[in-house]
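All ligand and atom numbering here is 1-based and tracks the order in the structure. No hydrogens, no waters, no symmetry mates; every other heavy atom, side chains included, goes into these values. Being a predicted model, the structure only gives us computed values, none of them experimental.
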Amino acid sequence: MKAEAVPLLDLRRQYDEIRDEVLAAVTRVCDSQGFILGPEVEALECEIAQLTGAAAAVGCASGTEALWLALVAAGVKPGDSVITTAFSFFASASAIVRAGATPVLMDVDPGTLNLDAELVRRRIREGRPENLSAILPVHLYGQCADMDAFGEIGEEFKLAIVEDAAQAIGAAWRGRGAGSMGATAAFSFYPTKNLSAFGDAGIVTTNDREFAERMKRLRNHGSPRRYYHEEFGWNGRMDAIQAAVLRVKLRHIHDWNEARRRNAALYDRLFSESGLLETTGDSPVRLLAREPNARHVFHQYVIRARRRDELRKFLADRKIATEIYYPLPLHLQPVFAYLGLKEGDLPVAEQAAKEVLALPMFPELREDEIRRVVDAIAEFYS
Ligand SMILES: Cc1ncc(COP(=O)(O)O)c(C=O)c1O
């Protein structure tokens, strides 16, 4: 018998579990004929604020939009510069450009691949980038960046900390929820995320109610009331169907994140039993570091693999899906050539881009599937 495919993510299994609840919620919105913002979005905003521990949340059209709102509300203005990681999704840096500022792309910690706080501290001490107003750490793969260090750096140098929490709903640092630690924080509900909409959607969280009020205006053409405009915003609104779907899924997010954590623990155990991690020096597989202060929600389960591209093909031939997040660091993207960075400037991110491989990870992933993945990787290196 041929082995079944192991998908990277299978949303259908989640949908089967919640189909009736979700369809009832969508029907509720259709029956109301209210499609933009409104009571579903307001209810979601309260529920997300509660989950993250932030004082307020502002629903919007996408995680990218959320990042722009988060930066502008935190005070980033045209001509500023903002430090962020070179090893993230494009939007982490492009949102800075959209706010009129210049991204200062920096290298990552070799263990976690999150923005390296010590490098950031040194860089600011030794030559503060011109008009630096904020730092945007990304909670990569669902594990919080070092928020103790970024909190200290923010205070010492009077900088706003804006969390890119797109991949980290339900994550925490020393018990504080992702989204509650910075001046503002952006989440994505893109369909592949841990908490996902039936389309594009995002949300910003903040502890500052004035920031929240401003973001509500900015997402709606800078308008405090209909047809009166105080500043230039945009159409960045969330629609009610997305909010209704998200509210159903929110009831399950704790259990789903726990299931991801169990799946990750099983991968960890099987890798350590496989002997693939044993060799000192040039071990074929390396796991990313787990911060003891972080509650990791495993948006992705990522390994670093020797001969990564060959391994990926070997797994694909066995119908095991994998992905590379991210194959080209941001400072080497053609669109960021104007920043003047070149290959060799951010060596840790560049090396990671050559080695990282995301394995199948979602709450409903079965034990036999995880075993198949690790067995296949062991076979490749045997
Ligand atoms: C780290 C990070 N930042 C920002 C985004 C942008 O979110 P969206 O795709 O919802 O615009 C994503 C997700 O795609 C992301 O992974």
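- Ligand 1 places these atoms under 4.0 Å from at least one heavy atom of Val138: 1 (C).
- Within the 4.5 Å cutoff, side-chain heavy atoms of Trp173 are placed close to those of Asp148.
- Side-chain N or O atoms of Asp255 include none that pairs as donor or acceptor with a backbone N or O of His252 at under 3.5 Å.
- Among protein heavy atoms, the minimum distance from atom 12 (C) of ligand 1 is reached at Phe89 CD2, 3.6 Å.
- Of the polar atoms of Gly63, at least one N or O is found under 3.5 Å from an N or O of ligand 1, judged by distance alone.
- Nearest non-hydrogen protein atom to atom 3 (N) of ligand 1 is Asp164 OD2, 2.8 Å.
- Under the 30°/60° scheme for interplanar angles, the aromatic rings of Tyr338 and Phe336 are found to be tilted.
- Closest to atom 14 (O) of ligand 1 among all protein heavy atoms lies Lys193 NZ, 3.1 Å.
- Applying the 6.0 Å contact sphere to OH of Tyr190 captures no more than 12 heavy atoms from other residues, nucleotides or ligands.
- Between Phe314 and Tyr381, the ring centre distance reaches or exceeds 6.0 Å.
- When Ala166, Ala197, Ala168 are checked for heavy-atom proximity to atom 2 (C) of ligand 1, Ala166 turns out nearest.
- Shown in contact with Leu67 at under 4.0 Å from a heavy atom are these atoms of ligand 1, numbered in order with element: 4 (C).
- Within the structure, the closest approach of Ser88 to ligand 1 falls below 4.0 Å when heavy atoms are considered.
- When only interatomic distances are considered, the shortest N/O to N/O separation between Ser188 and ligand 1 falls below 3.5 Å.
- Summary of contacts: the protein heavy atom closest to atom 16 (O) of ligand 1 is Gln167 NE2, 2.9 Å.
- In terms of protein heavy-atom proximity, atom 11 (O) of ligand 1 is closest to Thr64 OG1, 2.5 Å.
- A tilted orientation is assigned to the rings of Tyr326 and Phe89, their planes being inclined by 30° to 60°.
- Of the charged side-chain nitrogens involved, at least one lies within less than 4.0 Å of a carboxylate oxygen, so that Asp317 and Lys313 count as a salt-bridged pair.
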Inset, instruction - Apply the test side-chain contact (heavy atoms from CB on, under 4.5 Å) to residues Glu213 and Arg209: give CA-CA distance (whole Å), side-chain angles for both, the deciding distance (0.1 Å), then the verdict. - result: CA-CA 6 Å; Glu213 288 311 311; Arg209 290 188 192 277; 5.6 Å; no
